[in-house]
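Okay, structure first, notes after.
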Amino acid sequence: MSARSISLLATGVALLISGCSGGDGTSAATASSSTAPPPATTSASAAQTTTTPPAPSATTKANAGAVERYETFLHAVGNQDVATACEIAAPAAKKAEDEGMGPCEQTFPITFAMFSPAQRKALQGATVDRARITVSSKKVEIPAKAVKATAKFTDSDLGDAVLELRNGKWYVTD
């Protein structure tokens, strides 16, 4: 892992997303875009039965929270909000610190400087394209290409992100 990647990891900006092992293989966008099937009829009795669409899975609901949390993180980076960014990226920042980087509160200001003013402004309103994420019950992978913003970001500017559910909250872990 390069020093730049570690720095971005420490700040939670460059986050790598792992595969969706053990999950149901359904992305949040796929799960949320399903529609109710048409009513079924039985020809023998001519009685009409309707099929109720399944409720959104707990995984889909939980992962929606991960996307919202990551968007909050992106907005914090755009606003240079160290406290919020460090809170959401605490596990990733701890890993980076263990690998020799400084504490999150000291490394995030360095990361903020890596973005141009136009990029920081774009991050303030950035969103995530849910169709491009990968989900499992306890992990959400958000590739850099899923981040939609008014400025252009490359994979080296804004890495992929992995969020994990820990004690009921989503955190950037890698």
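This structure is a prediction, so every number in the text was calculated from the model and none was measured.
Arg166 places no side-chain N or O within 3.5 Å of a backbone atom of Tyr171 that could act as its donor or acceptor partner. Put simply, the side chain of Gln124 gets close to the backbone of Gly78: a donor and an acceptor are under 3.5 Å apart. Remark: the backbone N or O of Lys95 is not paired with any side-chain donor or acceptor of Asp98 at under 3.5 angstrom.
The local environment of NZ in Lys148 is crowded, with over 12 non-hydrogen atoms from other residues, nucleotides or ligands closer than 6.0 Å.
Taking CD of Glu97 as the start and CD of Glu105 as the end, the distance is 8.5 Å to the nearest 0.5 Å.
Here the closest non-hydrogen pair linking Ala118 and Ala151 is O-CB, 3.9 Å. Listed here is the closest heavy atom pair of Gly159 and Ala144: O-CB, 3.8 Å.
Salt-bridge check for Asp129 with Arg132: passed, with a basic side-chain N closer than 4.0 Å to an acidic carboxylate O.
Phe115 and Leu74 fall within a single hydrophobic cluster, where Ile, Leu, Val, Met, Phe, Trp and Tyr side chains are chained together by heavy-atom contacts under 4.5 Å.
Considering Thr72, Leu163, Thr127, Ile133 in turn, Ile133 is the only one that fulfils the side-chain contact (heavy atoms from CB on, under 4.5 Å) rule with Val67.
Counting only heavy atoms from C-beta outward, the side chains of Lys139 and Glu164 approach each other to under 4.5 Å. Side-chain contact check for Phe153 versus Leu123: some heavy-atom pair is nearer than 4.5 Å.
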Return a table of donor-acceptor pairs under 3.5 angstrom between the side chains of residues 80-91 and protein atoms on other chains or two or more places apart.
{"from": "Asp81", "atom 1": "OD1", "to": "Ala83", "atom 2": "N", "distance (Å)": "3.4"}
{"from": "Asp81", "atom 1": "OD1", "to": "Thr84", "atom 2": "N", "distance (Å)": "3.1"}
{"from": "Asp81", "atom 1": "OD1", "to": "Thr84", "atom 2": "OG1", "distance (Å)": "3.4"}
{"from": "Asp81", "atom 1": "OD2", "to": "Thr84", "atom 2": "OG1", "distance (Å)": "2.7"}
{"from": "Glu87", "atom 1": "OE1", "to": "Arg69", "atom 2": "NH1", "distance (Å)": "3.2"}
{"from": "Glu87", "atom 1": "OE1", "to": "Arg69", "atom 2": "NH2", "distance (Å)": "3.1"}
{"from": "Glu87", "atom 1": "OE2", "to": "Arg69", "atom 2": "NH2", "distance (Å)": "3.0"}

